[in-house]
There are 2 protein chains.
Amino acid sequence: MSGLVPDVASGNSVYSGDHMDEQSWKIGDLAAATGLTVRALHHFDRIGLLVPMLRTPAGHRLYTDSDVRRLYRILALRQLGMPLAHIADSLDGDLQDFGSAVRAQLSHVERTIETHRHLRTRLTALLQATLRATEPSIDQLIQAMEALVQANDFTPKQLAQAKRRHLEPGFPDRFAGWRRQGTEIVAELQAHIDGGTDPADPAVQELTRRWTAVIRDMAAGEPAMMSSIYARIERKGPEVATRGVLTAQVWDYLQRAFAVGFGT
Amino acid sequence: MSGLVPDVASGNSVYSGDHMDEQSWKIGDLAAATGLTVRALHHFDRIGLLVPMLRTPAGHRLYTDSDVRRLYRILALRQLGMPLAHIADSLDGDLQDFGSAVRAQLSHVERTIETHRHLRTRLTALLQATLRATEPSIDQLIQAMEALVQANDFTPKQLAQAKRRHLEPGFPDRFAGWRRQGTEIVAELQAHIDGGTDPADPAVQELTRRWTAVIRDMAAGEPAMMSSIYARIERKGPEVATRGVLTAQVWDYLQRAFAVGFGT
DNA sequence: GTGCCGCCTGACGTCGCGTCAGGTGCAAGC
DNA sequence: GCTTGCACCTGACGCGACGTCAGGCGGCAC
């Protein structure tokens with residue numbers, strides 16, 4: 001990018017017509033200098049975003065100094081993820097347009113981040129619920145997915161089963177055990193966050209496995225139930241759904257660690 | 001969604017041909033029940049994702065029970081943001097395919113989140129640098145954008161000016177003042193984070209304004225310099241770039257607050 | 001003259017549909 | 001039997017930012 005100067009020495013870029021002294025770039029040189037493709041510059045030309053001021057008699061595009069300056073601005077705005085049409089409006093319009101275009105882009109980016117955060121939650125939950133369970137059958141998969149998609153937290157069947165388990169002898173002790181283990185894991189994760197540990201670190205990955213084991217135990221090994229638990233966390237928020245065990249910060253970190261772990 | 005049962009009572013959905021007892025849905029009913037459009041179901045048919053098993057003599061599509069079950073699975077996977085082609089592969093293939101498709105989707109989502117976080121940083125930085133400064137000229141805009149795009153932190157000109165300012169009398173005091181104010185603002189933001197305050201809250205918005213004022217003061221009001229500061233934060237990370245004043249968590253919160261503030 | 005590289009234009013494909021346009025099926029009211 | 005109106009059909013274009021041919025021309029080295 002910083003080497004974007006006219007290639008006068010080689011003579012390649014200078015149109016040796018009437019205006020010997022005017023600097024101009026051929027499309028290939030400009031593409032190489034900016035890292036764009038020739039096709040992209042063709043495209044910019046076609047849509048009127050960057051129409052080169054000169055052509056050779058043979059019809060070859062020649063980009064002048066002012067064209068290159070405009071291209072600079074285009075690339076800067078493109079780096080912000082702005083649509084080319086908005087870039088054209090901004091460059092041809094006034095500052096007012098520019099401000100609103102940037103704001104529109106910002107709110108769009110913000111929405112994208114939010115929706116993808118939810119997607120990530122659902123994806124990690126699904127992997128959690130199925131792929132590490134013993135022999136995940138198609139039916140279990142479907143149930144897990146449906147649990148994720150459903151609007152309410154738990155199905156009547158799940159509630160009935162939960163009630164039965166609730167009445168089993170020793171249940172309160174097991175429940176207290178889950179809380180204790182969860183709190184421990186969260187505390188260790190928080191320590192890693194404060195220490196700046198990478199989520200891919202083996203110690204963190206081990207913590208994710210311990211976390212999964214606790215949840216799986218709570219769900220009695222049923223993927224659909226595990227999905228429901230994660231769906232509940234997503235909808236109610238980590239603090240409410242886990243009654244204070246999990247914080248938003250740790251939950252985000254945990255998911256990043258999951259994502260890394262599954263990626264390998 | 002939960003009301004997805006064949007509309008037998010009205011008789012609308014039953015093909016009264018040879019198989020009176022077979023339940024089937026017409027495309028409009030199915031669309032209404034699932035919240036999809038008829039066009040989307042046409043599309044699924046066209047690409048082979050969901051081809052209804054029956055047609056009336058007139059060529060109208062009739063979706064059977066098994067078609068509806070398949071549609072359920074399709075929608076569940078679509079909720080995960082998966083491309084339709086991958087959905088088809090997953091449903092027609094084995095569990096292995098499914099697992100890798102989910103993992104691929106997860107890593108894709110993770111990348112999207114990361115890139116959009118960077119975009120958000122650049123956008124807020126640009127708004128910070130230009131739109132609240134006094135009369136942001138086109139040249140200032142361009143400079144601010146270039147500062148954001150450039151690979152190195154500060155331009156030689158900026159470094160020279162910084163050195164001059166460094167030697168001014170009273171500079172160490174002003175510098176200490178910026179640090180103190182920054183630390184205060186960060187502490188208050190952290191309190192809001194812990195308290196679960198919405199980033200749109202007026203108190204938080206006021207803190208963003210105070211933050212901007214400090215940065216603007218540091219940059220001597222020059223948009224390009226402000227951009228460079230934010231670019232530095234993005235590249236080096238908040239902790240390193242601010243030498244411990246700003247944490248990653250507060251930085252994220254601050255940007256969300258910016259996004260909300262500019263959106264209004 | 002010939003070969004090669006760079007340039008040109010035009011057109012199709014991507015992804016997930018939305019949105020017409022033009023035609024048919026089917027039930028109800030006249 | 002005829003019209004009205006709604007649901008359905010197929011086919012085609014559009015979006016966004018280009019990638020990827022296909023077919024042909026320009027210019028330079030040998």
Side-chain angles (χ1 to χ4, degrees), chain A residues 7 10-17 24-52 54-63 71 74-75 77-89 101 104-105 108 112 115, chain B residues 7 10-17 24-52 54-63 71 74-75 77-89 101 104-105 108 112 115:
Chain A
D7 191 8
S10 78
N12 284 340
S13 308
V14 177
Y15 164 44
S16 56
S24 51
W25 291 259
K26 286 198 304 184
I27 195 168
D29 296 339
L30 191 56
T34 57
L36 293 169
T37 62
V38 171
R39 180 64 181 90
L41 289 169
H42 278 175
H43 182 59
F44 293 174
D45 190 351
R46 177 75 54 97
I47 65 174
L49 178 59
L50 180 68
V51 181
L54 300 174
R55 294 266 188 156
T56 68
H60 292 195
R61 290 170 180 80
L62 289 178
Y63 293 85
L71 178 57
I74 290 168
L75 294 182
L77 292 176
R78 202 184 63 153
Q79 287 244 356
L80 302 175
M82 243 188 244
L84 297 184
H86 290 187
I87 294 178
D89 291 349
Q105 180 60 15
H108 174 244
T112 304
T115 60
Chain B
D7 191 8
S10 78
N12 284 340
S13 308
V14 176
Y15 165 44
S16 55
S24 54
W25 291 260
K26 288 197 304 183
I27 197 169
D29 296 340
L30 192 55
T34 56
L36 293 169
T37 62
V38 171
R39 179 65 182 91
L41 289 169
H42 279 174
H43 182 59
F44 293 174
D45 190 351
R46 178 75 55 99
I47 65 174
L49 178 59
L50 179 67
V51 180
L54 300 175
R55 293 266 187 156
T56 68
H60 292 197
R61 290 169 180 81
L62 288 178
Y63 293 86
L71 179 55
I74 290 168
L75 295 183
L77 291 175
R78 201 185 60 155
Q79 287 246 354
L80 302 175
M82 242 187 245
L84 297 185
H86 290 187
I87 294 177
D89 291 348
Q105 180 61 14
H108 174 246
T112 304
T115 60

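Just so you know, these numbers use all the heavy atoms, side chains as well, and skip hydrogens, waters and symmetry mates. Each chain gets a letter, A, B and so on, in the order the sequences are listed, and its residues count up from 1. Small disclaimer: the values here were computed from a predicted structure and weren't measured.
- Across all non-hydrogen atoms, the minimal contact from B:T37 to B:A31 is C-CB, 4.0 Å.
- Remark: C1' of D:dG16 and CD1 of A:I87 are 12 Å apart, rounded to the nearest angstrom.
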Worked check of side chain to side chain contact (heavy atoms under 4.5 Å, CB included) between A:L80 and A:H86: CA-CA 11 Å; A:L80 302 175; A:H86 290 187; over 6 Å; no

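- The environment of A:H42 atom NE2 is dense: over 12 non-hydrogen atoms of other residues, nucleotides or ligands sit within 6.0 angstrom.
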Summary of protein contacts for nucleotides 4-15 of chain C, nucleotide by nucleotide, where a base hit scores B, a sugar-phosphate-only hit scores S (4.0 Å, heavy atoms): ---SSB-B----

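- When all heavy atoms of B:L62 and B:K26 are compared, the closest pair comes out as CD2-CG, 4.0 Å.
- For B:L41 and D:dC8, the CG to P distance is 10 Å, given to the nearest whole Å.
- Contact record, A:Q105 with A:G81: NE2-O, 2.9 Å, taken as the closest heavy-atom pair.
- Following rounding to the nearest Å, B:I74 (CD1) and C:dC17 (P) show an atom-to-atom distance of 11 Å.
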Check against side chain to side chain contact (heavy atoms under 4.5 Å, CB included), B:I74 and B:F44: CA-CA 10 Å; B:I74 290 168; B:F44 293 174; 4.3 Å; yes

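- Rounded to 10 degrees, the angle between the two end axes of the helix from C:dG1-D:dC30 to C:dC30-D:dG1 is 40°, with five pairs used at each end.
- Nucleotide D:dC18 holds its P atom 8 Å from the CD1 atom of A:I47, rounded to whole Å.
- Put simply, A:T37 has a side-chain N or O that comes within less than 4.0 Å of OP1 or OP2 on D:dG19.
- Looking at heavy atoms from C-beta onward, B:I27 lies out of side-chain contact with B:D45 at the 4.5 angstrom threshold.
- To the nearest angstrom, C1' of D:dG16 lies 11 Å from NE2 of A:H86.
- For A:M82 against A:I87, the heavy-atom pair with the smallest separation is O-CD1, 3.7 Å.
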